[in-house]
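Below: one structure, written as structure tokens.
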2 protein chains.
Amino acid sequence: MQYCIPVRLSRVEKQAQTRGRLLEAAGELFAERGVNGASVEQIAERAGYSRGAFYSNFEDKAELVVALLQERTRREHNEVKGLSWERVRAWNRSRARNVTEWLALRTELWLYSLRDGRVRRQLAERERLSRSAHAQGLAEVFRRAGVKPPADIEFLGLIAHALEDGLLIQRAITPDEVRDEVVVDAVELLCRSWIALGDRTK
Amino acid sequence: MQYCIPVRLSRVEKQAQTRGRLLEAAGELFAERGVNGASVEQIAERAGYSRGAFYSNFEDKAELVVALLQERTRREHNEVKGLSWERVRAWNRSRARNVTEWLALRTELWLYSLRDGRVRRQLAERERLSRSAHAQGLAEVFRRAGVKPPADIEFLGLIAHALEDGLLIQRAITPDEVRDEVVVDAVELLCRSWIALGDRTK
DNA sequence: GCACTCAGATACAGGTCTGTATGTGATTTT
DNA sequence: AAAATCACATACAGACCTGTATCTGAGTGC
């Protein structure tokens, strides 16, 4: 019989925990100071370990970046997968609390990816996911409105996704001049105008 | 009488030249390796000087970043000011040759601005410029089409500007999946659909 | 329960970065 | 034309960062 609760973790469990904490800390620090601005020591320290822990879990910082992106992508995919369009939008809104940090991290990773092919491939996967989620959502909107989309639905998804990013960036630069709801407003305007266009072409 | 051509520049002219070359080099290196990844030494070296030249022209790297952004903003403003909508689009297209480098620089500066209020103010000025240029262009399009804009024209300018950035980012991540003309295509689609929506509300 | 293994800590060597202090030669001033 | 100035070069000190090599103590297998 197994009454015991394993307060003491096994070796592999413990390492997984360490790795997870390092990734968490790295995400925070990358958003705060940039990938280049955060040292291995700082990351390990914030996670509550020494540099030794880092180097026994990752080859170097580049590998950490890849792993971080991989983990975030998988997590996002699991959270979103199977949700309806409405729920995905709600999920996006709830995440919007710390949007700037999240956007900063994504942007840092993007810049990093320009200089590292491996990271670029990871990021590409993540972005494809977002685009197609948007495309699916839009498809549902058109179906409900009973209108034929005015262009390739993947293209429209790309536009919606790109627009969200662009608007968040603008809001981060000038928070006073760009309202919080600007993203929602803009996407809704797009939907309405595309439906209007769809009506005509039909 | 002054026949002489000043091959030998005066003190102030020479310093201005040095400053300009340092800014130029900094722009290149920031795009290549990031603001944090480019050292003062590398910047000075690429410009053809030593670190002494740098520190006699700038307090530190932060001041250089501010100056760089200021200079680019002014240059852009001078180039675009007074041009028609069509010519501005042509100018944008011509610049598109080395878009990725240009976008990387802007993104680097954006990230930097998140952590430095002074830079943020500079960047805000630059972005306002771009947004209103777009707004003006769109206004002209609506005027020609004889249609009332479907929303605040500034809002539409913001959308167009944000969308361009977002699309360029997506193209940098997945060059094979996003065509070169995607930006032009997307903006044209927006114009058409907004005109369609405008017709109805009229 | 004893030897083994390995995650993580500690110590160290080599390199790079920044900012300052001082030197120098060309230009400016008087 | 001598003195003063100043843009830029050079040298140096201190901090920090990376990656490796070695150590230790807690799980693991026999």
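Heavy-atom basis, side chains included; hydrogens, waters and symmetry copies ignored. A, B, ... follow the sequence lines: proteins, then strands. Residue 1 opens every chain.
The base of C:dT10 lies outside donor-acceptor range of the side chain of A:Arg51, with no N or O pair under 3.5 Å.
Listed by residue number, the members of residues 57-66 of chain A with any heavy atom below 4.0 angstrom from DNA chain C are A:Asn57. Residues from residues 23-46 of chain B with heavy atoms under 4.0 angstrom of DNA chain D: there are none.
A salt bridge links B:Arg46 with B:Glu32; the closest basic N to acidic carboxylate O contact falls under 4.0 Å. Ion pairing between a basic and an acidic side chain is recognised when a charged N comes within 4.0 Å of a carboxylate O; B:Glu86 and B:Arg144 show such pairing. Salt bridge status for B:Glu59 with B:Arg118: absent, with no side-chain N to carboxylate O gap under 4.0 Å.
No side-chain heavy atom of B:Arg72 sits under 4.5 Å from any side-chain heavy atom of B:Leu109. Using a 4.5 Å heavy-atom cutoff, the side chains of A:Val178 and A:Ile173 are not in contact. Put simply, the side chain of B:Phe54 reaches to within 4.5 Å of the side chain of B:Leu64, judged on heavy atoms. B:Phe58 has its side chain out of reach of B:Val40: every pair of non-hydrogen atoms, C-beta onward, lies at least 4.5 Å apart.
Backbone-only contact: B:Tyr49 has heavy atoms under 4.0 Å from sugar-phosphate atoms and none from a base.
If you measure from atom OH of B:Tyr55 to atom C1' of C:dG23, you get 19 Å, rounded to the nearest angstrom. Put simply, CD on B:Glu13 is 14 Å from P on D:dA7, counting in whole angstrom units. To the nearest angstrom, C1' of C:dG8 lies 15 Å from CZ of A:Arg19. In this structure, the NZ atom of A:Lys14 is 9 Å from the P atom of D:dA26, given to the nearest Å.
Here A:Ser50 reaches the OP1 or OP2 of C:dA9: one of its side-chain N or O atoms lies under 4.0 Å away. The phosphate of D:dC8 (OP1 or OP2) has a side-chain N or O of B:Thr18 nearer than 4.0 angstrom.
Tested against B:Glu164, the residues B:Val183, B:Ile169, B:Val184 include a single side chain to side chain contact (heavy atoms under 4.5 Å, CB included) partner, B:Val183.
In terms of position along DNA chain D, the nucleotide closest to B:Arg11 lies nearer the 5' end than the nucleotide closest to the other residue of the pair B:Arg11 and B:Gly48.
The cationic atom of A:Arg106 (NZ for Lys, CZ for Arg) lies less than 6.0 Å from the six-membered ring centre of A:Trp102 and within 45° of the ring axis.
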